[in-house]
Amino acid sequence: MYPFIFRTFFSHMDPEAAHHLVVPVIRVLGVWPFAPIVRALTRPDPRLQTRALGLVFDSPFGVAAGFDKNAVMSEGLYALGFGHVEVGTVTAIAQEGNPKPRLYRLIEDRALINRMGFNNAGAAAAARRLARSRRHPRRTVLGANIGKSRIVDVDQATADYVQSTREVAPVADYLVVNVSSPNTPGLRGLQAVETLRPLLEAVRDAAGTTPLLVKIAPDLPDDEIAAIARLAVDLRLAGLVATNTTIAREPLSTDPEKVAAMGPGGLSGAPLRQRSLAVLRVVRAAVPEDFCVISAGGVETADDVRERLAAGADLVQGYTAFIYRGPFWARQINRGLAAAL
């Protein structure tokens, strides 16, 4: 049914408008009387329960940052079967993001290009919503992804990240520092080890007991990826998320002229699969066994998730395939994982 709905309806809509149309539907699925009914259909097999970051996850498969930017859908996403939801990216200062249009589908490639620019209502607003969600008797694990406010200069980024940390760390189950989005000017420059160390030290100290991870780009050379992984271990972070979207445009089946017309932004979805898997292996080889690695990028099927887990991921995240697979995507993944046990 969903493929028909996508082809005849969603595929003809502006992607961002389609997302905003879906948000209230997912929110409704998270409230009574719908939530228990939906959850009964999607509840992961108990054998999929996963321990990581000192937390218990109903499933190793969760929603990557970017889908629920303002922490408004977590109960609905839990009802749909996701083992965790990473909200955000949120910034200390609320911002509208980049000019529209800023989100594009590459349907032939089952991919997206986005240059959203961290559009969000701010860390304080996200913290209030996370606090309400934490009081819910049945909820998913909630991570919070934080980024740099656009109007803040790069040399003031540490203070900006610390401000966000103080807002959301007390109400999040874990925290992720995003220094790898391609859509905020100067942000990826913070991934240089000499710049990243003081930033992560300050955020780690502000986060207190909340597990802290850092999210990296797939476009870095392998030696720099390994160096960041070793830095995260040296700083006693809880883990690392690999990877964010890519600025690369290969391999793609979509007409190159169409892709060029879409302009800059991060590419996500199926074309990122091989590079994301390769980065996972680089990271896993550079860190101890008890260091948490979350794999994201190009994940669509239960086989993809199994492949990441076999390559050393503790948890796996997806986002783009939600658009192409529909609301029961997590159920499909979880049932595939359980069938292979």
Checking side chain to side chain contact (heavy atoms under 4.5 Å, CB included) for the pair Ser181/Thr245: CA distance, chi angles, key distance, verdict?
-> CA-CA 7 Å; Ser181 169; Thr245 59; 5.8 Å; no

Pair Val293-Val287, side chain to side chain contact (heavy atoms under 4.5 Å, CB included): steps then yes or no | CA-CA 9 Å; Val293 181; Val287 300; 4.2 Å; yes

Check step by step if salt bridge (Lys or Arg N to Asp or Glu O under 4.0 Å) holds for Arg166 and Asp205.
-> CA-CA 10 Å; Arg166 288 173 176 157; Asp205 294 344; over 6 Å; no

Full working for salt bridge (Lys or Arg N to Asp or Glu O under 4.0 Å) between Arg335 and Asp45 | CA-CA 7 Å; Arg335 288 187 173 183; Asp45 189 303; over 6 Å; no

Apply the test side chain to side chain donor-acceptor pair (under 3.5 Å) to residues Arg325 and Thr301: give CA-CA distance (whole Å), side-chain angles for both, the deciding distance (0.1 Å), then the verdict.
-> CA-CA 9 Å; Arg325 289 273 179 167; Thr301 67; 5.8 Å; no

ring-ring contact (aromatic ring centres under 6.0 Å, His included) between Phe61 and His84, worked out = CA-CA 7 Å; Phe61 183 61; His84 68 278; 8.1 Å; no

Any chance you could lay out the salt bridge (Lys or Arg N to Asp or Glu O under 4.0 Å) test for Arg284 and Asp314, step after step, and finish with the verdict?
-> CA-CA 10 Å; Arg284 188 77 268 175; Asp314 297 280; 3.3 Å; yes

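Between the Arg188 side chain and the Ser180 main chain, a donor and an acceptor come within less than 3.5 Å of each other. At least one donor-acceptor pair closer than 3.5 Å links the side chain of Ser276 to the backbone N or O of Ala296. In this structure a side-chain-to-backbone donor-acceptor pair under 3.5 Å is present from Gln95 to Phe118. Thr140 places a side-chain N or O within 3.5 Å of a backbone atom of Gly83 that can act as its donor or acceptor partner. With hydrogens and angles disregarded, no donor-acceptor distance shorter than 3.5 Å links the side chain of Asp153 to the backbone of Gln156. In this structure, the side chain of Gln317 does not engage the main chain of Val299 through any donor-acceptor pair within 3.5 Å. The main-chain N or O of Pro264 is found under 3.5 Å from a side-chain atom of Arg115 such that the two form a donor-acceptor pair. Between the side chain of Asn178 and the main chain of Thr89, no donor-acceptor pair closer than 3.5 Å is present. Side-chain atoms of Asp222 do not come within 3.5 Å of backbone N or O of Val279 as any donor-acceptor pair. At least one donor-acceptor pair closer than 3.5 Å links the side chain of Asp68 to the backbone N or O of Met73.
Ser268 and Thr320 are linked by a side-chain donor-acceptor pair at a separation below 3.5 angstrom, with hydrogens and angles left out of the test. Under the 3.5 Å distance criterion, with hydrogens and angles disregarded, no donor-acceptor pair is assigned to the side chains of Arg204 and Thr165. There is no side-chain donor-acceptor pair under 3.5 Å between Glu96 and Asn119. At a cut-off of 3.5 Å, with distance as the only test, no side-chain donor of Glu300 or Tyr324 sits close to an acceptor on the other residue. There is no side-chain donor-acceptor pair under 3.5 Å between Asn334 and Arg43. Judged purely by distance below 3.5 Å, without hydrogens or angles, the side chains of Arg331 and Thr42 never pair a donor atom with an acceptor atom.
A distance of 10.0 Å separates CZ in Arg281 from OG in Ser295, rounded to the nearest 0.5 Å. The distance from the CG atom of Leu220 to the CD1 atom of Ile225 is 5.5 Å, given to the nearest 0.5 Å. In this structure, CG on Leu175 lies 4.5 Å from CD1 on Ile146, to the nearest 0.5 angstrom.
We find that Asp234 and Arg197 are joined by a salt bridge, their nearest charged nitrogen and carboxylate oxygen being less than 4.0 Å apart. Salt-bridge formation is not detected for the pair Arg102/Asp14: no Lys NZ or Arg NE/NH1/NH2 atom is positioned less than 4.0 Å from an Asp or Glu carboxylate oxygen. Ion pairing between Asp58 and Arg139 fails under the 4.0 Å rule for side-chain N and carboxylate O. Checked for salt-bridge contact, Arg27 and Glu75 miss the test: no charged N lies under 4.0 Å from a carboxylate O.
Side-chain atoms of Phe57 and Leu48, non-hydrogen and from C-beta on, never get closer than 4.5 Å to each other. The side-chain heavy atoms of Val87 and Leu130, taken from C-beta on, include a pair separated by under 4.5 Å. Side-chain contact between Leu252 and Val259 is present, with heavy atoms from C-beta onward closer than 4.5 Å.
Under a hydrophobic-cluster definition in which Ile, Leu, Val, Met, Phe, Trp and Tyr are linked whenever side-chain heavy atoms come within less than 4.5 Å, directly or via other members, Val72 and Val63 are assigned to the same cluster. Under a hydrophobic clustering in which Ile, Leu, Val, Met, Phe, Trp and Tyr are joined whenever their side-chain heavy atoms come within less than 4.5 Å, directly or via other members, Met262 and Tyr319 fall into different clusters.
Not a single salt bridge (charged side-chain N to carboxylate O under 4.0 Å, His left out) links Arg128 to another residue, sequence neighbours left out.
In plain terms, the two heavy atoms of Leu190 and Ala157 that are nearest each other are CD1-CB, 4.0 Å. Taking all atoms of both residues into account, the shortest heavy-atom contact from Ala242 to Leu240 is CB-CD2, 3.9 Å.
In this structure, Phe322 and Trp329 have tilted ring planes: the angle between them lies in the 30° to 60° band.
Annotation: cation-pi pair Arg39/Tyr78 present, NZ/CZ under 6.0 Å from the ring centroid and within 45° of its normal.
Dense packing is recorded around OH of Tyr2, with more than 12 heavy atoms of other residues, nucleotides or ligands lying under 6.0 Å away.
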